[in-house]
Amino acid sequence: MPADQTFFDPAHPRRGRFDARVVFNRMLCREHFLLRLVIDDTGPSFPQTSPGQFIQLGCRTPDGAADIDALLGAEIEWPPGNPGGQAALRQPELCQRLALLRRPFSLAGRGEDDDGVWIEVVHRVVGAGTDWLSRLKPGEAVDLIGPLGNAFTLPEDKHVALLVGGGVGLPPMFYLAEELWRQGWTAVAFVGAMTRDLLAVDLNENVEPDVTGLPKLSARQFARFMFPSVVTTDDGSAGLKGRITAGLEGVLENLPGASAAQAVIFTCGPEPMMHAVAKLAAHHGIDCQVCLEQAMACGMGTCQSCIVKIDPKMFHPERNEPAQGADAVGRPWRFKLACTDGPVFDSKMVVW
Amino acid sequence: MTPSSPTPAATPPAAAVDLSIDLAGLKLANPMMTASGTCGYGYEYADFTDLSRLGAFVTKSITAEARKGNEAYRIVETRGGMLNAIGLANVGLDAFLADKLPQLRKLRATGPRVIVNVAGHSTDDYVKTCARVAAEPDVDAIELNVSCPNVKDGLTFGTDPRLLRELCREVRTAMAKNVRLIVKLSPNVGDIVLTARAAVEGGADVLSMINTYTAMTIDIHKRRPRLANGTGGLSGPAIRPLAVYLLHRVYRHVAREAKVPIIGMGGIQYWQDAAEFLLAGASGLAVGTALFVDPATPVKITEGLAAYLQKQGCKSLREIVGTLALHGEPPVTPYP
């Protein structure tokens, strides 16, 4: 944050709260939905975004759309003869929404058409908030805060990307694939899930995932850029049986030396998976960027909830920040926030 | 379900209503503040709302030394509420004065008063920190956090009336006279009137209430508390009726007679919530958890309150403070 930051410029927001409407809310696989939102174009324009960034999505009808004042009993014209109903409906407690806090979602895509700027996220039904999201219909209103966090960086001297997305870690890889394609990179995606019905990608009907772990154009989200995928499932119900790292290792072992020197691993998914990917990257001497996740309330750097342990000597070394602790092997760490210091970090900085 | 239906919030704020408040001589343009710990140190929300429209900005708790805070998980949402155990993570007094306060000075120049929240672990610790903060120009008030439920011994000062009275006395004596002393009361006590009275006797100029309720939630599969700290502080709409009740009790039994203004907080999300606190006896209002959902909440509440007060026939917000009439009592004027 620059020290001379000026306060609030509503005409040119870098980030902000935006109203949006549902374009579609399509089931990708069991429990997972691809949600496309078009940003309300009556307000300020939606800021630039990059893969790795996220939004905080309200998981309840937005205040403006719900007419919260009416719900809270301020100005309701009641039909005569229903005083009992009036008394009951005027109780604000009965009108509270299920999910209080917003839920963070990585951007899975962004574009623009005649209706304005659209963004996509993938959500998995795990609780009250995402259950509400799963019932959204085209045209319905939502509101969001964003764009938040930092983004993946594409080093100029590299041009081979290995995208490793496990479960709900896949969405930022969709967005990143498009950006890589735009910048002329080549890429292989590694797509993992527990079972076939939890694979949050569209599988091509005529290109089945390869059971030996050879990259094939099987996942449409990557195949549209001619990026092949290696699909793994824990139970072997689709593609190679095993962990996502098994597929990654197979490709890394056979990566030509020239390619390895130009390769970067980008990963997002469950922490044990990212940790395993980071170890593989270190073993093969390949740069690796991880998109970390942690429970958060605000996403704006105030609640201090989404802490991750980062080596302070590697994270802005010029700041000379002292360590706050050390892991079992004496590696120093300092709490950083996934929302504003991340969510993307160089895997070498992360103290797992 | 249309956004266009007539509501008080939709009407432009009436210029006729005076929203300013007076906290023991400290004038605020409007009653809205940020609740400590939910708004960082000043600039974090600058992209999301016009902070200059706040009545006052209240910082995160500052301690003499920097604190790293608790391990993850630090928060968990419960039905209608949020449980947190951050553990007073903060940059420490020196870094606050060097890096954060200059930002707040810029904000103060745009309107809002600056209130610095201070936490400590001993009387001496509190006194030293408060004295240094109060000596800084552009600090209008200090809010004493004597009731953080998430640090070891954090609750002691806030729950023992005798200790609290002594602490307030020592801090008040050590602070520059022109800086107001606000004492933030804990709800985790048997009778909050006793601690409120102790704070006032010790020299508190203003009371703020309430801090979070100590609470717990359990992961039933792992059979462990869901927060790393075990327990946390409950905030959000879930605690609002509890906060309104305690505030009204303190207003009636301590603050009204002692003429000590109260800053009300605890689950305020909409102007209707804020109006409840005013009627119960609050002069100032702070928004906490709701800031995480929408940093513009205080600004929206200010607009809603202005329209509400006009409908209630009030020329100023101060007229309505504490005008709740319990059943059996004659209505307090002005009353529609």
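Below, chains carry the letters A, B, ... as their sequence lines are ordered, and counting in each starts from 1. FYI, side chains are in, hydrogens and waters are out, and symmetry mates aren't considered; it's all heavy atoms of this structure.
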Name all residues meeting the side chain to side chain donor-acceptor pair (under 3.5 Å) criterion together with T59(B); count only those two or more places apart in sequence or in a different chain, and write none if there are none. none
With a cut-off of 6.0 Å (strictly less than), are more than 12 heavy atoms of other residues, nucleotides or ligands near [atom1] of [X]?
X       : atom1 : result
M314(A) : CE    : yes
F315(A) : CZ    : yes
E321(A) : CD    : yes
Y41(B)  : OH    : yes

Smallest heavy-atom separation, F335(A) atom then E71(B) atom, equals CZ-OE2, 3.9 Å
Donor-acceptor contact present, side-chain E77(B) to main-chain L101(A), <3.5 Å: yes
Keeping R15(A) on the side-chain end and D47(B) on the backbone end, is there a donor-acceptor pair under 3.5 Å? no
Applying salt bridge (Lys or Arg N to Asp or Glu O under 4.0 Å), can you list everything that pairs with E293(A), at least two apart in sequence or on another chain? none
As an exercise, state the distance from CZ of R79(B) to CG of L100(A), rounded to the nearest 0.5 Å. 13.5 Å
Between N70(B) and I307(A), is any pair of side-chain heavy atoms under 4.5 Å apart? no
When only heavy atoms count and the cut-off is under 4.5 Å, which of residues 142-149 of chain A reach chain B? I145(A), L148(A)
Can you give me every donor-acceptor pair (side chain of residues 298-305 of chain A, partner residue at least two apart or in another chain, under 3.5 Å) with its distance?
from    : atom 1 : to     : atom 2 : distance (Å)
T302(A) : OG1    : Y45(B) : OH     : 2.8

Should R17(A) and V293(B) be marked as a side-chain contact (heavy atoms from CB on, under 4.5 Å) after you check the CA-CA gap, both sets of side-chain angles, and the distance that decides it? CA-CA 10 Å; R17(A) 196 197 64 82; V293(B) 183; over 6 Å; no
With chain B, which of R334(A), M296(A), R103(A) has the greatest number of heavy-atom pairs at distances under 4.5 Å? R103(A)
